[in-house]
There are 2 protein chains.
Amino acid sequence: MSEAPERPTIPPARFGERIERARAAAGRAGFDALLVGVGPDLEYLTGYRAMPLERLTMLVVPTAGPATLIAPRLELTPARGCPAARGGFVELAGWEETDDAIALVAELLARALDRSVGSIDRLAVSDRLWAMHVLRLIDRIPSARLESAGPVLGRLRSIKDADEIELLRLAAAAADRVVARIASGRLVGRTEADVAREVRERLLAEGHELAEFSIVGSGPNSASPHHEASGRVIQPGEPIVLDIGGSLGGYGSDITRMVWVTGGDPAKGPDEAFLHLFGVLRTAQARATAAVRPGIACEAIDATARSIIDAEGYGERFMHRTGHGIGLEGHEDPYLVAGNRDPLQPGMAFSVEPGIYLEGRYGARLEDIVVCGPDGPIVLNRAPLDLLIVDGV
Amino acid sequence: MSEAPERPTIPPARFGERIERARAAAGRAGFDALLVGVGPDLEYLTGYRAMPLERLTMLVVPTAGPATLIAPRLELTPARGCPAARGGFVELAGWEETDDAIALVAELLARALDRSVGSIDRLAVSDRLWAMHVLRLIDRIPSARLESAGPVLGRLRSIKDADEIELLRLAAAAADRVVARIASGRLVGRTEADVAREVRERLLAEGHELAEFSIVGSGPNSASPHHEASGRVIQPGEPIVLDIGGSLGGYGSDITRMVWVTGGDPAKGPDEAFLHLFGVLRTAQARATAAVRPGIACEAIDATARSIIDAEGYGERFMHRTGHGIGLEGHEDPYLVAGNRDPLQPGMAFSVEPGIYLEGRYGARLEDIVVCGPDGPIVLNRAPLDLLIVDGV
């Protein structure tokens, strides 16, 4: 394990600012309130990381009146300890085991908005709120139209501040080191699942609190973009997609590199066809990254990568979007996908990860995390993007 | 790490049976279809454990017509590999990055039910489906009334078969060993967070694939039922609530034991008041467990524990339900709580975990996983329920 660099913490006052910005944005969008369940939206607004369980925990932010964090009584102590509560930016309300927590939400809303429950109108709910809670909200507040809080909160969350970018940078650096260690270790003769286990252990040893995914796709499995590491034994003379990540200080890492294992046999190097495919992919990844700048449409980054891959006849073999935002969630706004005309803005952080997949044969993907800087891309991963040709023994 | 005992796998044909039972139950409840998103319901019905991400993966089970597993195209390979797909119990349908996946759900439903989308009536959605998908279903199929699939699926899942009980038993045995190791190791002078880290490592070393929670509540923190392990340093002469768990082969473990650390100083043993409190708790836990038998109402188990604690004047200090079901989810049906008149049935598995919490001072909880057997309780945890008085140095 490397020496841990100093990790920034989000100053408590910032949660107050975030709640106020969210409230203002919800008001401008015509909502009566934001209802935020357990998950990254709640963590963003309050710093509270609760277990996602069946008992309702919810931040209620009426566009008028105080914000209230509702929690089961047996979790009131940790809820009170979150930065937004300690800073006085939210009030606390506990509910007892035999209470109807959703009725409490309705009462709080009616009081804050100074209306009857029956005249509550438009409510924005967090995208990850569980259906069981959504359906009970609909039952309890039948007058309300529930809509996704995604357009309000996703937009706020997509612009990272300096502390968030620093956390993403630290997460990327940790993932870079894991990729380097895995690529320089033994691979031939091991199962994908065993390599994936080592990836997870190394991510944790490098300071990640969660090692969320570890795609190790060898040989023909490299052609399945979201392959689950299997019992397949890695052989000399084949490529491996290594797509790994997790979170560090709450913020995500996500990197993909391509390894080719020869087993030490010079005759088992990559064939011409793979080298051509990889060259096309590398150019597409580089050009898409270079196109990042404030004001360019998200879909234009996707189109940049796709046009290069299309021109070489692989268009059909690149069947996913070019990238996704990253922050408190592994996938979040902005999405670099055809149809998304939203412009990139300084502070947005996202993956740039084209891929080419020849089913039954092999595939390849390259991925960096990139921040939109004031003048162009800031690439957080530093691991070389070359095809890593290794003995693997 | 102990020798790993043989772990049962669920035979593929069972997923076909589960889908048919779910379909029949949904039909009896008057639903047109079950819509099951990523999570334990999907895993129960198909064996497919997908990452919970923003791209829709959904099992569509119309009460007439074939069941279809909808997945993003880039995840079709792992989706095709799940037991229900390999067994031919579900058809597969992929969607492209620029498709509207919810529109695909609507089309599938209309085709299977042989009606227009506009005349789809009642749909049951899985409890953990994300709000973003629920709200798009409401938009796309405005004629439908969406209801929780919980009463249908929760009931099916609550009755465990022999393989599931064996997995719960293995998970419990692993957690028992971790508790024994933690209680016999050094505790005094360590932070709660450091002990929690060791708990997680040991759960993984004992074969858990997930170490989901590790409550280490020392001294006054023992009075916060869902305390998050903190930087507090454990001192001689105080109690520790150790409430740990995760999952093994998909099935949950969850055990709570009480440790008292003396630091080797005979003067730092538990005081009379704590011993009294613990004695009451231990009796309540034992009586509630002994009351388990087919036909008894869930709330009667809760009442058994509560009456003993009430009688000693601690009623107000036991502010949570007595237990929750456990299986593919850490908390699931049946809930042992006032108001739940559902009768226990053979094969139901749940925690029995009363607690007494004196805020600012200390608290205690004891928890076992119990299966309702044909004649009475089958207790899966074997670790002694005594107060574990240890030097801790």
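Protein chains get the first letters and strands the later ones, always in sequence-line order, with residue 1 at the start of each. For clarity, every value in this text was computed on a predicted model and none was experimentally measured.
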Practice prompt. List the steps and the verdict of side chain to side chain contact (heavy atoms under 4.5 Å, CB included) for A:H227 and B:E75.
Written response: CA-CA 7 Å; A:H227 175 64; B:E75 290 170 9; over 6 Å; no
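- Top candidate by heavy-atom pairs under 4.5 Å with chain B, chosen from A:N221, A:T77, A:L129, is A:L129.
- Rounded to the nearest 0.5 Å, atoms CG (A:D139) and CD (B:E147) are 8.0 Å apart.
- B:E54 places none of its side-chain heavy atoms less than 4.5 Å from the side chain of A:R128.
- A 6.0 Å sphere centred on CZ of B:R122 holds more than 12 heavy atoms belonging to other residues, nucleotides or ligands.
- Here the shortest heavy-atom pairing between A:L135 and B:S148 reads CD1-N, 3.4 Å.
- Separation of atoms OH (A:Y335) and CZ (B:R55) is listed at 8.0 Å; rounding is to 0.5 Å.
- Only the backbone of A:S126 comes within contact range of chain B, with heavy atoms under 4.5 Å apart.
- In this structure, the separation between CG on B:L204 and CD on A:E201 is 9.0 Å, given to the nearest 0.5 Å.
- Closest heavy-atom contact between A:S224 and B:P78: OG-CD, 3.7 Å.
- Taking 4.5 Å as the limit, every side-chain heavy atom of B:I138 sits out of range of all side-chain heavy atoms of A:L146.
- At most 12 heavy atoms of other shown residues, nucleotides or ligands fall within 6.0 angstrom of atom CZ in A:R155.
- In A:E198, the CD atom is crowded: over 12 heavy atoms of neighbouring residues, nucleotides or ligands sit closer than 6.0 Å.
- With chain B as the partner, the residue from A:M51, A:H324, A:R73, A:E359 showing the most heavy-atom pairs under 4.5 Å is A:R73.
- Using modelled atom types and a 3.5 Å distance limit, the side chains of A:H320 and B:E97 yield no donor-acceptor pair.
- Of the listed residues (A:M319, A:R321, A:R49, A:H331), the greatest number of heavy-atom pairs within a distance under 4.5 Å of chain B belongs to A:R321.
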